[in-house]
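If you read the sequence from its start, that first residue is 1, and numbering goes on from there.
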Amino acid sequence: MAYSTPIVLIALLILFVSLIALTGDKALARMAAETLIRVVLVVGLWIFVGNSGVVSFGHAGYMAIGAYCSAWLTLKPQMKALFLPDLPEWLAQAQWPVLPAAIASGLLAAIVALISGAAILRLSGIAASIATFAFLAIVNTVYSNWEGVTGATSSVVGLPRYVDQWVALAWAAAAILVANLYANSASGLALRATREDEVAASASGINMYRHRLLSLVISGFFTGVSGALLGHSIGVLNPDSFYLGITFISLAMLVVGGIGSLSGAVVGVLGLSMLIEMLVRLEQGVTLGGARFALPGGAQEILIGVVMILVLILRPSGLMAGKDLQLPRLPLSLHSKQTNPNRGDA
């Protein structure tokens with residue numbers, strides 16, 4: 001039944017996108033695309049954090065790597081000559097189709113995850129988490145100062161805006177399927193054993209370092225893809241878009257939904273994204289019964305913080321409490337008849 005989880009989650013996302021498409025609201029359509037990009041990001045984050053138990057603050061760095069890689073591959077050569085004059089000649093003249101560029105971006109992020117994880121994952125617990133934050137700081141500093149290659153703090157503009165809610169939905173579905181397959185694989189089960197008790201897992205012959213590194217590489221791929229999707233959704237890149245803000249909101253979505261399950265990652269993204277959209281609209285003002293009502297500026301951040309605190313007080317394990325959404329089980333009697341079709345009735 002564990003393999004039915006992606007079916008339920010993808011159906012939930014399709015329902016979410018279909019309902020928004022029926023409204024015909026372009027602002028809601030943009031919100032849906034952004035939400036599904038966050039699903040790719042948070043599910044990618046869950047592949048590592050949810051299975052290993054190591055909180056990572058560095059995944060926004062892999063996101064930045066994927067975003068800028070996609071920009072290098074898809075921007076028109078004239079735009080690269082203007083904004084990114086120090087790119088190698090072969091890269092300056094490249095103009096890839098968007099799908100191969102997104103895959104290449106994920107692969108580059110996965111390679112960087114392999115190299116960085118080889119060092120970081122020799123640590124455990126809070127030391128590993130601090131090391132991931134150091135990695136994020138390094139990536140942000142490099143990308144904020146590498147002017148001829150990343151544009152430094154100046155925004156890179158002109159990316160083809162091909163990512164809508166349907167493109168993002170396809171990638172979200174792919175991320176959910178891979179995350180579920182990995183979680184139920186031998187490596188995923190072994191990694192969760194190390195999450196519960198490192199000493200007992202090591203005594204059972206589980207190579208914690210190898211399994212953590214594999215999960216980080218898979219996680220890095222989808223995180224890099226989410227960066228590429230974000231860039232091609234808004235059409236603009238800036239290093240500050242991949243720093244503390246996106247780091248903390250993605251971790252908040254994962255924790256609020258429930259770090260112990262894939263369903264928690266998806267539900268956390270949907271719940272907080274819809275809450276953020278509602279509060280943004282309330283800040284802009286709504287008309288009720290002829291009177292205009294608007295929240296004061298900054299109320300969005302305060303109320304989101306209050307909601308997160310209440311959720312963690314009332315549901316310390318998150319909204320899903322470590323459980324996954326699954327299709328209902330067949331009745332035992334029906335299951336027995338299906339597995340033993342030649343058996344007569346009692």
Side-chain angles (χ1 to χ4, degrees), residues 34 37-38 40-41 44-45 56-117 119-120 131-163 168 171 216-217 219-250:
E34 185 177 351
I37 293 169
R38 288 174 179 162
V40 179
L41 169 62
L45 182 63
S56 171
F57 297 101
H59 273 62
Y62 304 128
M63 196 178 183
I65 289 167
Y68 277 91
C69 178
S70 185
W72 296 334
L73 294 173
T74 59
L75 272 175
K76 294 180 179 179
Q78 300 90 330
M79 298 294 290
K80 285 186 272 193
L82 180 63
F83 291 108
L84 311 170
D86 293 344
L87 285 176
E89 183 64 21
W90 66 271
L91 198 53
Q93 297 302 318
Q95 192 170 2
W96 288 27
V98 290
L99 179 59
I103 295 173
S105 300
L107 290 174
L108 178 61
I111 292 169
V112 175
L114 176 63
I115 296 170
S116 60
I120 293 173
T132 62
F133 183 76
F135 168 77
L136 173 62
I138 290 169
V139 171
N140 182 261
T141 300
V142 170
Y143 278 63
S144 296
N145 291 277
W146 205 0
E147 188 169 356
V149 175
T150 64
T153 54
S154 300
S155 296
V156 176
V157 300
L159 276 72
R161 297 180 62 182
Y162 73 92
V163 176
W171 276 108
L216 183 63
V217 170
S219 175
F221 174 83
F222 283 105
T223 308
V225 168
S226 72
L229 295 175
L230 181 61
H232 289 286
S233 173
I234 60 179
V236 179
L237 289 182
N238 187 286
D240 288 341
S241 300
F242 308 101
Y243 199 36
L244 298 181
I246 193 70
T247 296
F248 292 131
I249 193 64
S250 59

Looking at every heavy atom in both Ser155 and Val236, which two are closest together, and how far apart are they?
CB-CG1, 3.6 Å

For Glu34 and Ser233, run side-chain contact (heavy atoms from CB on, under 4.5 Å): C-alpha distance rounded to whole Å, both residues' side-chain angles, the deciding distance at 0.1 Å, then the answer.
CA-CA 8 Å; Glu34 185 177 351; Ser233 173; 5.8 Å; no

Of the non-hydrogen atoms in Val157 and Leu75, which two are nearest, and what is the gap between them?
O-CD2, 3.6 Å

Results of side-chain hydrogen bond (donor to acceptor under 3.5 Å, both in side chains) for Ser116 - residues two or more places apart only:
Tyr62

State whether the side chain of Ser226 and the backbone N or O of Val40 hold a donor-acceptor pair below 3.5 Å, judged by distance alone.
no

To the nearest 0.5 Å, what is the distance between CG (Leu41) and OG (Ser250)?
5.0 Å

In short, ring pair (Phe, Tyr, Trp, His ring centres under 6.0 Å) pairs touching residues 225-246 with sequence neighbours left out are Tyr162-His232

Please evaluate residues Asn145 and Thr150 with respect to the criterion side-chain contact (heavy atoms from CB on, under 4.5 Å), reporting the C-alpha separation (whole Å), side-chain torsions for both, the decisive distance (0.1 Å), and the verdict.
CA-CA 8 Å; Asn145 291 277; Thr150 64; over 6 Å; no

Partner residues of Tyr68 under the ring pair (Phe, Tyr, Trp, His ring centres under 6.0 Å) criterion, sequence neighbours left out
Tyr143

Please report the closest heavy-atom contact between Thr247 and Ala60, naming both atoms and the distance.
OG1-CB, 3.3 Å

Can a donor-acceptor pair be found, under 3.5 Å and without considering hydrogens, that links the side chain of Ser144 to the backbone of Ala152?
no

Nearest non-hydrogen partners of Ile249 and Ile246, listed with the distance:
CG2-O, 3.4 Å

Testing the basics here: between Pro160 and Thr74, what is the closest heavy-atom pair and its distance to 0.1 Å?
CD-OG1, 4.1 Å

Determine yes or no for a side-chain-to-main-chain donor-acceptor pair under 3.5 angstrom, with Lys76 supplying the side chain and Gln95 the backbone.
no

Checking Thr223 now: which residues fulfil side-chain hydrogen bond (donor to acceptor under 3.5 Å, both in side chains) with it, not counting sequence neighbours?
none

Who pairs with Thr153 by side-chain hydrogen bond (donor to acceptor under 3.5 Å, both in side chains), at least two apart in sequence or on another chain?
none

Could you check His59 against Leu216 for side-chain contact (heavy atoms from CB on, under 4.5 Å), going step by step and ending with a plain yes or no?
CA-CA 10 Å; His59 273 62; Leu216 183 63; 3.8 Å; yes

Between Gly58 and Leu136 the two heavy atoms that sit nearest each other are CA-CB, 3.9 Å

With distance as the sole test, does Trp72 use its side chain to make a donor-acceptor pair with the main-chain N or O of Val149 at under 3.5 Å?
yes

Applying side chain to side chain contact (heavy atoms under 4.5 Å, CB included) to Pro88 and not counting sequence neighbours gives Trp90, Leu91

